[in-house]
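Please read the structure below before turning to the comments.
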Amino acid sequence: MTSERYNAREAEPKWQRVWEERELFRTRNDDPRPKYYVLEMFPYPSGRIHMGHVRNYAMGDVVARYKRARGFNVLHPMGWDAFGMPAENAAMANKVHPATWTYANIATMRSQLKSMGLSLDWHREIATCDPSYYKHQQRLFLDFMAAGLVDRKTAKVNWDPVDHTVLANEQVIDGRGWRSGAVVEQRELTQWFFKITDFAQELHDALDQLDRWPEKVRLMQRNWIGRSEGLMVRFALDSKTSPGGERELEIYTTRPDTLFGAKFLAIAPDHPLARATAAGNADLAAFIEECKRTGTAQEAIDKAEKKGFDTGIRARHPFDPAWELPVYVANFILMEYGTGAIFGCPAHDQRDLDFVNRYGLGNTPVVCPPDIAPEAFVVTDVAYDGDGRMINSRFLDGMTIAEAKEEVARRLESESVDGRPVGTRKVNFRLRDWGVSRQRYWGCPIPIIHCDSCGVVPVPKADLPVKLPEDVSFDLPGNPLDRHPTWKAVDCPQCGRAARRETDTMDTFVDSSWYYSRFTDPWLDEAPTDRAVVDHWLPVDQYIGGIEHAILHLLYSRFYTRAMRAAGHVGLDEPFRGLFTQGMVVHETYKGPDGAWVSPAEIRIEADGAERRATLLSSGEPVEIGGIEKMSKSKRNTVDPDDIIGTFGADTARWFMLSDSPPERDVIWTEEGVQGASRFVQRLWRLTGEIARVAGPVGAEAPATFTTEALAIRKAAHRALIRTEEDVERLRFNRCVAHAYELANALSAAIGAVTDDTDRDDLAFAFREAGEVLIQIVAPMMPHLAEECWLALGHTRLVADQPWPAADRALVVEDEITLPVQINGKKRADVTVSRTASSAEVEAAVMQLEAVQRALEGRPVRKFVVVPGRIVNVVV
RNA sequence: GGCCCCGUAGUCCAACGGCAGAGACAGGCGACUUAAAAUCGCUACAGUGUCGGUUCGAGUCCGACCGGGGCCA
């Protein structure tokens, strides 16, 4: 029966149907077995799945199937991050409603995912654009409001002029919108905010506990939160010089130690003092206008030339009333950071140094590097921000930076002006509150009503969900909700008078900040979560997704879990116990004779020795082979998972995505690699047939004794089993693949040695055992092929429903071991001793070796190193 | 500019501080075949980016540098 080729196209849908009919992957919340929650980041329904999805979901599926076999009650759900701009773009381009477009895409992608044979519980499928989901998101918004975690304030926002919407700072990359790529403008708008900064310290500190997260991601989040310890310092102003007789200016600094190196104070262009001064100074007003045009993105500010405008205001040094400092308005000071005012110490801050060098204010070094004499230390173009001892700083001289910081803080804290201390210690964060208002249609409506008499009124919970209207048009720019003829009109829930709905919808990152909680009980209608259920399932034991979400999605989710805890919807802080960020799928690029990108499907590659040449299939013209880059539509170097699954089958695609590269690194998609994976599928199928021929019956008793050949087969099987267990646990799937190859190679060789008259119980048992182990370690990776092989081995039960085989560790322990023998660290011989031999016995055996005696040439042994079970080193 | 990750056969990658090779791809030779594909067997190929240090012993640890990538500025 197994002489034919394995036909994935027939077998895969067949097994998918069997799994579905038996509801094998349906997870019950009341299952008493220990829980395991494995989750891959849910996809945006863009239209079709891509190879990145295949890699991501193949990895998650290996973990899910493995844990299921190990006796866990596994939760492995799937859903759709279904709100967002592309649906509206499609609506504008093709006159199709966003909902129609989105649900059509979901249908396509669902069937694509199903063709991958993933062990998902589709009963729990959710789409964030469905009112049954966003109803609870609106409820959460209201609960967060009640818990004091929602704010409405006027803020300078990043405005995307193409998408006509506001973007969070995190969504602005290099001064451009993360989705549209348009240069972002600054606008003042009243916006809704989640007070993520309330948790800044906690989000920062808890990173230390996330020991199953990649260090890289924790570091990125730590940088993003940007905790810094500093000092607020009130500088006295000469009120004769200030526009309204202001008497002080409060600044924030993280370097109070450099206070004696101060050369100027600088305030942000939109600082109140700057505005007040500009009112009577047209030149300054013009300068402030100019600053606004450069934008406030950190990137733009860092690249822009450091410019300032002397306000004429003079400040006094806090330690020396006679020391006067000029106050500038400077384009590199942000109102949003600290107090929007700083003191400049040019010798130790590059931006300040660039500034003084432009305006001729000079610099005084106050921190001297350890290996330079203080009088020889001069700063010209490069600021010194390293360690050292204080100089030119009066009472601070000779101190370390840390000591000086402490001393300045101590003195200024105890000094009092107008009944308040001059200096106050302050922990500052770079993290800003999360602006969630978006002026778009295809998002979760913010459940708020604006009433002329009552102000901002929450929609009563009984009235949720606030549903999106269906009759909308996209032929004009701006927000369709805002210009809808009737949707906005609503009576105020408090006074009953005519009022207006909030027309902003929520940032789609809100949708993905709690979906993992909803998966635990997606049927629940009366609340977002059932506390008993959600607390049982969370945290997610293993979360798998792309590194591109290292900051935004993961930080928002960590905040959201805390906010949900505050509102009583979950009982924990950290949603993701284990996080894994997988690498990208990359592919060669090709350029045709006209310089345009050509897709891999349009070319033929010929190898002539080491030379590889590509030609166009259509015309035979030469094609230039370019660099290996992330698969993207613009470079046309994508491979469609449908094509691969249609040609080779899902198992081949999954196997190749897991083999070769370690999962956290990029994997190069190559035609040869797919061919290789496909060959292994066929080879495993043939091998299974051969094993079935020589294997003993299912469930046979183990013979009392085994011959050397049989024992060798058993050892190979159990070694592969043990290593696969270790490597699945550590998500090293490329090694799991290698173990399967190794065992298959060993079994092929063993079967080759079997002759027709071999008829021995021990060999038959060993072949059955090893064959079953091979299929079972392959099963999480290639589940369809494994079912077919399992059947061929005479089983009636599904391999997907089979407990993981028990590894016999005693089998892989050798009684006799062969140790390499080194002389002065170079290998010279081998010695075979009993596994339990003492060091003295090993030493005795080694000294008898002829090779050792020859190498010693009569010299005495200086040292004898025996590493038990590993190696022997003789030092002469 | 700072921090982090990665540099091992032609390629992708393995190797608790202990014999540099688990596995794959590509290559070469052979078997099967009228021939080819498929399949099977055999096989060459690196001393681990460079320089120094620690150690009985370094791909692995430490320092400096070179190259590639990432994050922050």
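Naming convention: chains lettered A, B, ... in sequence-line order (proteins, then strands); numbering from 1 in each chain.
- Here Y543(A) pairs with H553(A), F576(A) under the ring pair (Phe, Tyr, Trp, His ring centres under 6.0 Å) rule; sequence neighbours left out.
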Margin query: One pair to check against side-chain contact (heavy atoms from CB on, under 4.5 Å): V586(A) and V667(A). What are the steps and the verdict?
Written below: CA-CA 6 Å; V586(A) 295; V667(A) 65; over 6 Å; no
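- Judged by a 6.0 Å distance limit and a 45° cone about the ring axis, R430(A) is positioned over the six-membered ring of W224(A).
- Separation of the C1' atoms belonging to A20(B) and A15(B) is 8 Å when rounded to the nearest angstrom.
- Scanning residues 731-740 of chain A for heavy-atom distances under 4.0 Å to RNA chain B yields R732(A), N734(A), R735(A), A738(A).
- By the ring pair (Phe, Tyr, Trp, His ring centres under 6.0 Å) test, H718(A) is found to be paired with no residue, residues two or more places apart in sequence or in another chain being considered.
- At the heavy-atom level, G676(A) lies under 4.0 Å from the strands shown only through sugar-phosphate atoms.
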Item checked: Canonical and wobble pairing (Watson-Crick, G-U, under 3.5 Å) of RNA chain B, dot-bracket with | -> (((((((..((((....[..).))).(((((.......))))).....(((((..]....)))))))))))).
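- Considering only residues two or more places apart in sequence or on other chains, E10(A) meets the salt bridge (charged side-chain N to carboxylate O under 4.0 Å, His left out) condition with none of them.
- In terms of the salt bridge (charged side-chain N to carboxylate O under 4.0 Å, His left out) criterion, residue partners of E229(A) (sequence neighbours excluded) are, by chain and number, R227(A).
- OP1 or OP2 of A22(B) has not a single side-chain nitrogen or oxygen of N745(A) nearer than 4.0 Å.
- Residue pairs meeting the side chain to side chain donor-acceptor pair (under 3.5 Å) criterion with at least one partner in residues 659-671 of chain A, sequence neighbours excluded, are E671(A)-Q675(A).
- For R679(A), the salt bridge (charged side-chain N to carboxylate O under 4.0 Å, His left out) test picks out no residue, with sequence neighbours left out.
- The side chain of E742(A) lies closest to G23(B), out of C72(B), G23(B), C25(B).
- Looking only at atom types and distance, the side chain of R218(A) has no donor-acceptor partner in the side chain of N223(A) under 3.5 Å away.
- The glycosidic torsion of G7(B) lies more than 90° away from 0, which places this base in the anti conformation.
- For G52(B) and A22(B), the P atoms lie 31 Å apart once the distance is rounded to whole Å.
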Next item on the list: Classify every nucleotide of nucleotides 55-69 of chain B by which part a protein heavy atom approaches to under 4.0 Å, writing B for the base, S for the sugar-phosphate alone and - for neither, in 5'-to-3' order.
Entry: -BS------------
Interface polar pairs with nucleotides 38-43 of chain B, N/O, under 3.5 angstrom:
unit_1, atom_1, unit_2, atom_2, d
U39(B), O3', R686(A), NH2, 3.0
C40(B), OP1, R686(A), NH2, 3.4

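- Of all nucleotides listed (C4(B), C13(B), C71(B)), C13(B) comes nearest to the side chain of P662(A).
- Each of D666(A) and N223(A) has a nearest nucleotide on RNA chain B; the 5'-most of these lies closest to D666(A).
- Not a single ring pair (Phe, Tyr, Trp, His ring centres under 6.0 Å) links F864(A) to another residue, sequence neighbours left out.
- Residue contacts for S659(A): at a heavy-atom cut-off of 4.0 Å it reaches no nucleic acid atom on any strand shown.
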Please tabulate the protein-to-nucleotide N/O contacts below 3.5 Å involving nucleotides 5-11 of chain B, giving atom names and distances.
none

Check: Would M51(A) and R55(A) count as a side-chain contact (heavy atoms from CB on, under 4.5 Å) if you check the C-alpha gap in whole Å, the side-chain angles of each, and the deciding distance to 0.1 Å?
Finding: CA-CA 6 Å; M51(A) 277 301 166; R55(A) 194 177 191 205; over 6 Å; no
